[in-house]
Amino acid sequence: MSYDQQNIFAKILRGELPCIKLYEDSKTMAFMDIMPQTDGHALVIPKEAAATIFDLTPESLAATILITQKIAIAARKAFSAPGVLIAQTNGAAAMQSVPHLHFHVIPRREGDAMRMHAVFQEDMEKLRKLAAEIIAALN
Ligand code: DGP
């Protein structure tokens, strides 16, 4: 799949758009989803320009899934979450709305009311507080 250099996550990676950052290294970045499906919903992306899992090099995929695990462990600890949903979409037919590969890390608890995908925009101050809890759990 061709890569759109103007997609939102490409702009975040270039520093052209802000994000509430959780983690960054030479190959990956993690930040809060601004349309969270549950409190603490985070995203992990490779820095490599890849729209879907079919486009990414194995090296970047390995780095990204390792950081996804790291963020999931931190989110589970930060929110005492009994479950964590990891999701990844490829193509509009799979409900992908941002064409830069990303893993969703979504803390879950039994009976929670998971919000609809990419609909509700969260208050930024609340997102910053939740991010601080994940960052504290990362360290
Ligand atoms: P998907 O639909 O699987 O491609 O997921 C894209 C996610 O990105 C969705 O949960 C909403 C989120 N999102 C959309 N725009 C922005 C943005 O500008 N910043 C951040 N942090 N997340 C965004």
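Worth knowing before you read on, the calculation uses all heavy atoms, side chains too, and leaves out hydrogens, waters and symmetry mates. Start at 1 and go down the list; that is how both ligands and their atoms are numbered. The structure displayed is predicted, hence computed values, not measured ones. FYI, the numbering just counts along the sequence from 1.
- Side-chain contact, Gln5 with Asn7: no donor N or O sits under 3.5 Å from an acceptor N or O.
- Inspection of the Ser60 and Glu48 side chains reveals an N or O donor paired with an N or O acceptor under 3.5 Å.
- Salt bridge absent: Glu59 and Lys27 never bring a charged side-chain N and a carboxylate O closer than 4.0 Å.
- Within the 3.5 Å criterion, the main-chain N or O of Met35 finds no donor-acceptor partner in the side chain of Arg115.
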May I have every N or O pair linking ligand 1 to the protein at under 3.5 Å, one per line with atom names and distance?
from, atom 1, to, atom 2, distance (Å)
ligand 1, 2 (O), Met95, O, 3.1
ligand 1, 2 (O), Ser97, N, 3.0
ligand 1, 2 (O), Ser97, OG, 2.6
ligand 1, 2 (O), His117, NE2, 2.4
ligand 1, 3 (O), Thr89, OG1, 2.7
ligand 1, 3 (O), His102, NE2, 3.1
ligand 1, 3 (O), His104, NE2, 2.9
ligand 1, 4 (O), Ser97, N, 2.7
ligand 1, 4 (O), Ser97, OG, 3.4
ligand 1, 4 (O), Val98, N, 3.0
ligand 1, 4 (O), His102, NE2, 2.9
ligand 1, 5 (O), His102, NE2, 3.0
ligand 1, 5 (O), His104, NE2, 3.3
ligand 1, 10 (O), Asp33, OD1, 3.3
ligand 1, 10 (O), Asp33, OD2, 2.4
ligand 1, 21 (N), Met32, O, 2.8

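- In this structure His41 satisfies the ring pair (Phe, Tyr, Trp, His ring centres under 6.0 Å) test together with His104, sequence neighbours excluded.
- Judged by distance alone, the side chain of Glu16 and the main-chain N or O of Lys11 form no donor-acceptor pair under 3.5 Å.
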